[in-house]
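What follows is a short report on a single structure.
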Amino acid sequence: MTSAVSTARPALRELTSASAAALQIAGSTMADGPVGRVGLELEAHCFDLAEPRQRPGWQRIQAVIAQLAPLPGGSRVTVEPGGAVELSGPPAHGPVAAVSAAAADRTVVRDEFARAGLGLLLMGADPLRPAQRVNPGARYRAMERFFTASGTGAAGAAMMTATASVQVNVDAGPRSGWPERVRLAHSLGPTMIAMTANSPLLSGEFTGWQSSRQGVWGALDSARCGPVLGASGDDPTTDWARYALKAPVMMVHDPDPCAVLEWVPFVDWVEGTVPLGGRRPTVDDLDYHLTTLFPPVRPRRWLEIRYLDAVPDALWPAVVFVLSTLLDRAPDAAFDAVAPVAAAWDTAARIGLGDRRLHDAANRCLEIVQPFVPADLAQSVDMLSTMVREGRCPADDFAELAVNSGIEAAVLRRAGMSG
């Protein structure tokens, strides 16, 4: 029999000052260690291949997932608010192993969904359907209410239900190199966005952006979705603590998530200025708050690179390899290559490689990684390199297909095949 002592819930530690919260955040921001591991998260929009304008229901998607055996690469399968299916793989030693495991898992999942009449489309934004939540989770209901109350309801709904990414997770690296590594992860953003932009349409309309996904994220409040870097960028742990304390609280558990419908920075809650839920926050509240912050590079002991559009199966292995190689094996050369466009986020998202400076930076990055390309990824890297030299990105291919065949036909063609 289990004793009463062992089953009792431990008391939750209350935070009573901004300094205590900042120390808690800083202590879990980055993990000191070597570089080299890569973890991947692949998101794909789920389409009914018979009725592509209708979102498959929550129960139908869950029924397919329930039939899956453990995946060969070890990925977990989860469902985003709009029904997008996400594969989250464990860290692997290097990009080749990470890509191999994720590709094997995606093949199994894609084939299982296809047998159920569902296609999984790798694009940065849903090109056909309006934003709509199908995930019934209380977290996502609260997020909807928060975004509506903050005046970003449309962008919030699109972000949650109509965008998809390939997320690359890398080690934080040695403590002495954290400032430079975090700066480089941010500086690479515009160039990598220009290379991988793959969302020229959103909800059935051309938006004028090569990466409509990035346009959606840019329309959300910068306190929650903007870059973390502080004025100096010399101490990423301090920057992250400052960012998190200034960011507004999205929801409070009481015990279910309840949206906060006014702008309350976390620092105001922890200092007692605004006692949300009639109390001050606990360490658990703080940890949950951090999961509601969505900067383009998010520290979680490792670094989550969150700014890439989902791209077709033929290209995402190259994208993963290029980004992780620039960070881990050629950081100095990479920084020099992208320094002139390190702040060109909107330009990259709007016109991609149509900007000469971004085109030059992208070609230079591909030249830098060329000596490191393994045979297993040579075909994918060659395809990406050819596109970049021609000044094209995946958005150009899909836009042409949509114009020539219609948006629905383009979706069916891409969602019904590998990519």
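Since the structure is predicted, the reported quantities are computational estimates derived from the model, not experimental observations.
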With a 4.0 Å cut-off on N to O distance, would you call [X] and [Y] a salt bridge?
{"X": "Asp111", "Y": "Arg106", "result": "no"}
{"X": "Glu144", "Y": "Arg141", "result": "no"}
{"X": "Asp360", "Y": "Arg357", "result": "no"}
{"X": "Asp126", "Y": "Arg213", "result": "no"}
{"X": "Arg53", "Y": "Asp48", "result": "no"}
{"X": "Asp285", "Y": "Arg280", "result": "no"}

Exactly one of Tyr307, Trp209, Trp217 should register a ring pair (Phe, Tyr, Trp, His ring centres under 6.0 Å) with Trp345. Which one does?
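Option passing the ring pair (Phe, Tyr, Trp, His ring centres under 6.0 Å) with Trp345: Tyr307.
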Check for a donor-acceptor pair, side chain of Arg55 on one end and backbone N or O of Val134 on the other, with a separation under 3.5 Å.
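No, the answer is negative, given that no donor and acceptor are paired below the 3.5 Å cut-off.
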Please round to the nearest 0.5 Å and tell me the distance separating atom [atom1] of [X] and atom [atom2] of [Y].
{"X": "Ser212", "Y": "Asp309", "atom1": "OG", "atom2": "CG", "answer": "8.0 Å"}
{"X": "Leu202", "Y": "Glu205", "atom1": "CG", "atom2": "CD", "answer": "9.5 Å"}
{"X": "His45", "Y": "Thr161", "atom1": "NE2", "atom2": "OG1", "answer": "9.5 Å"}
{"X": "Arg129", "Y": "Glu408", "atom1": "CZ", "atom2": "CD", "answer": "11.0 Å"}
{"X": "Glu80", "Y": "Glu43", "atom1": "CD", "atom2": "CD", "answer": "4.5 Å"}
{"X": "Asp105", "Y": "Leu42", "atom1": "CG", "atom2": "CG", "answer": "9.0 Å"}

Without hydrogens or angle criteria, can the side chains of [X] and [Y] be said to hold a donor-acceptor pair below 3.5 Å?
{"X": "Asp235", "Y": "Thr237", "answer": "yes"}
{"X": "Ser88", "Y": "Glu86", "answer": "yes"}
{"X": "Arg139", "Y": "Thr291", "answer": "yes"}
{"X": "Arg13", "Y": "Gln24", "answer": "yes"}
{"X": "Thr148", "Y": "Arg145", "answer": "no"}

Between Phe266 and His289, how do the two ring planes meet: parallel, tilted or perpendicular, split at 30° and 60°?
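Judged by the thresholds at 30° and 60°, the geometry between Phe266 and His289 is parallel.
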Within 6.0 angstrom of Tyr140 OH, more than 12 heavy atoms from elsewhere:
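Above 12, so yes.
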For Ala194 and Leu353, which heavy atoms make the closest approach, and how far apart are they?
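Between these two residues, the closest heavy atoms are O-CG, 3.6 Å.
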